[in-house]
Amino acid sequence: MINLITVDSQNNLIVPKDGTVIPIIVGDGVGPDIWRASEPVLTKAAKLSGHKLEFVETLAGQAAFKACGQYLPDETLETLKKFRVTLKGPLATPVGGGMRSLNVGIRQALDLYACVRPIKWIPGVPSPVREPNKADMILFRENTEDVYAGIEWPAGSKEADELIAFLTGNLKAKVRPNSAMGVKPMSEFGSKRLIKMALEWALREKRPSLTLVHKGNIMKFTEGAFRKWGYELAAADYGDKTVPEESWDGQAGGRLVIKDRIADNMFMQSLLRPEEYSVLAMPNLNGDYLSDCLAAQIGGLGMAPGANIGDGLAVFEATHGTAPKYAGQDQVNPSSLILSGAFMLEYLGWKEASEKITKALGAVVSKKILTYDLARQVGVTPVKCSEFGQAVADHLE
């Protein structure tokens, strides 16, 4: 019998006590390499913590296209909805044309409105900054709106020209002829549900602050509204548990301090004073570049876990790309998928299993057992992707 994850009325996950089955989208490029290295780590950690964890392969990307002529089959989406929690490797996304991004397609089809990226350095991992241990944050990035909503038209198209004519004629806006056009929708509903998830996570984990990251000084009615809606939500629904930074006297008294920062300033702050920030909530584009900036501080995307989470549905994924030139070479770092799997286990309520993985990975790194991307930075002989995964599995306790 397949054990399915169910959801109660508050959208809290309920995992069957005798184990569960998780769909795995292996992914394109290096996806098969990193999955082979990750699967033994995840299943062993679960077993050592008293849980049974099984994976069932689900097709998307190039493997799906070869099998049925579709990159994202309807059957796959139904499987993800049925099982509720999924683990995913990298999927190829053409630049400038071709098929729509599969990653964005999955997020929108399942309404996974929050991209969640924990940022925490593992001691021993090479970093370009002197004190990577100061970056201990989790980012909540709105996933469905902003310029990533995909509402755009090419220069010279009928739609772009009609929009330009409307803007210049009816609203007296200044737009150069023959411009490519895009629309940036940001709603109160979409913004508040993202900020609500970040707020509740910060309160549950007893974090000191939540920072709204926006460009509201320029985009006053979109990103400025994101900031306004965030403060409104905190005051209306969490007023006894939060305090705005402008009213904060340095003694929060156990309350969550609500801050806001202009996006470009936050980029600088993340490098100069990362210890002052804990939980970040932001619109889509800001979250994209800021999450990668912070990942660089802890060793790069190869060391960065991630997830896309909605109400009762979640897809945990490697945050890096497919790296096709390394496909099949057993060379790349599988840590992003391993750590995303650990994040998934924590989400399922199996915190002990998640902590075992993080501890084991740290032990391996401290012994300078490193894949090529990290080994070359510290001058040691690299191990293979599969060897690294096996070393992590061997260090599980």
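Throughout, residue positions are numbered sequentially from 1 according to the sequence presented.
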Please answer: with hydrophobic residues joined when any side-chain heavy atoms are less than 4.5 Å apart, are [X] and [Y] in the same cluster?
X	Y	result
L163	V175	yes
M219	F267	no
V378	V364	yes
V125	L370	yes
I298	Y289	yes

Between the side chains of [Y] and [X], is the shortest nitrogen-to-carboxylate-oxygen separation below 4.0 Å, so that they form an ion pair?
X	Y	value
E352	K356	yes
E78	K82	no
E275	R273	no
K228	E232	yes
R376	D373	no
D311	R84	no
K215	D264	yes
K196	E200	yes

Are more than 12 heavy atoms from other residues, nucleotides or ligands located less than 6.0 Å from atom [atom1] of [X]?
X	atom1	result
E397	CD	no
R204	CZ	yes
K184	NZ	yes
Q70	CD	yes

Between T322 and D28: side-chain donor-acceptor atoms closer than 3.5 Å: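 D28 and T322 do not have a side-chain donor-acceptor pair below 3.5 Å.
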
Is a side-chain donor or acceptor of [X] paired with a backbone partner of [Y] at a separation under 3.5 angstrom?
X	Y	value
K220	N217	yes
D146	P283	no
S340	L337	no
T76	A60	no
T79	E75	yes
N284	E145	yes
S191	E188	no
T43	E39	yes
N308	L112	no
D260	L212	no

Check each of T319, L194, N143 against C115 using the side-chain contact (heavy atoms from CB on, under 4.5 Å) test, and report the only one that passes.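 By the side-chain contact (heavy atoms from CB on, under 4.5 Å) criterion, C115 pairs with just one of T319, L194, N143: N143.
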
Among V315, L339, V85, find the one that has a side-chain contact (heavy atoms from CB on, under 4.5 Å) with M344.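 Answer after filtering V315, L339, V85: V85.
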
Between K81 and D111, is a salt bridge (Lys or Arg N to Asp or Glu O under 4.0 Å) present by the stated rule, with each step listed? CA-CA 11 Å; K81 292 176 184 177; D111 198 22; over 6 Å; no

Residue pair E317, R107: steps toward the salt bridge (Lys or Arg N to Asp or Glu O under 4.0 Å) verdict: CA-CA 12 Å; E317 63 181 358; R107 294 168 193 167; 3.5 Å; yes

Could you check H395 against K367 for side chain to side chain donor-acceptor pair (under 3.5 Å), going step by step and ending with a plain yes or no? CA-CA 11 Å; H395 281 75; K367 294 180 179 180; 2.9 Å; yes

Test item: [X] and [Y] side chains (from C-beta on) under 4.5 Å apart, heavy atoms:
X	Y	result
T371	P382	no
I151	W153	yes
F83	T58	no

Candidate pair N286 and H214, rule side chain to side chain donor-acceptor pair (under 3.5 Å), full reasoning: CA-CA 7 Å; N286 296 337; H214 60 92; over 6 Å; no

Applying side chain to side chain donor-acceptor pair (under 3.5 Å), run through K120 and N133 and close with a yes or a no. CA-CA 7 Å; K120 189 168 185 177; N133 58 295; over 6 Å; no

Full working for side chain to side chain contact (heavy atoms under 4.5 Å, CB included) between L87 and I25: CA-CA 6 Å; L87 186 63; I25 296 174; over 6 Å; no

Please confirm whether K259 makes a cation-pi placement over Y277, using NZ or CZ under 6.0 Å from the six-membered ring centre and within 45° of the ring normal.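 Here K259 passes the 6.0 Å and 45° test against Y277.
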
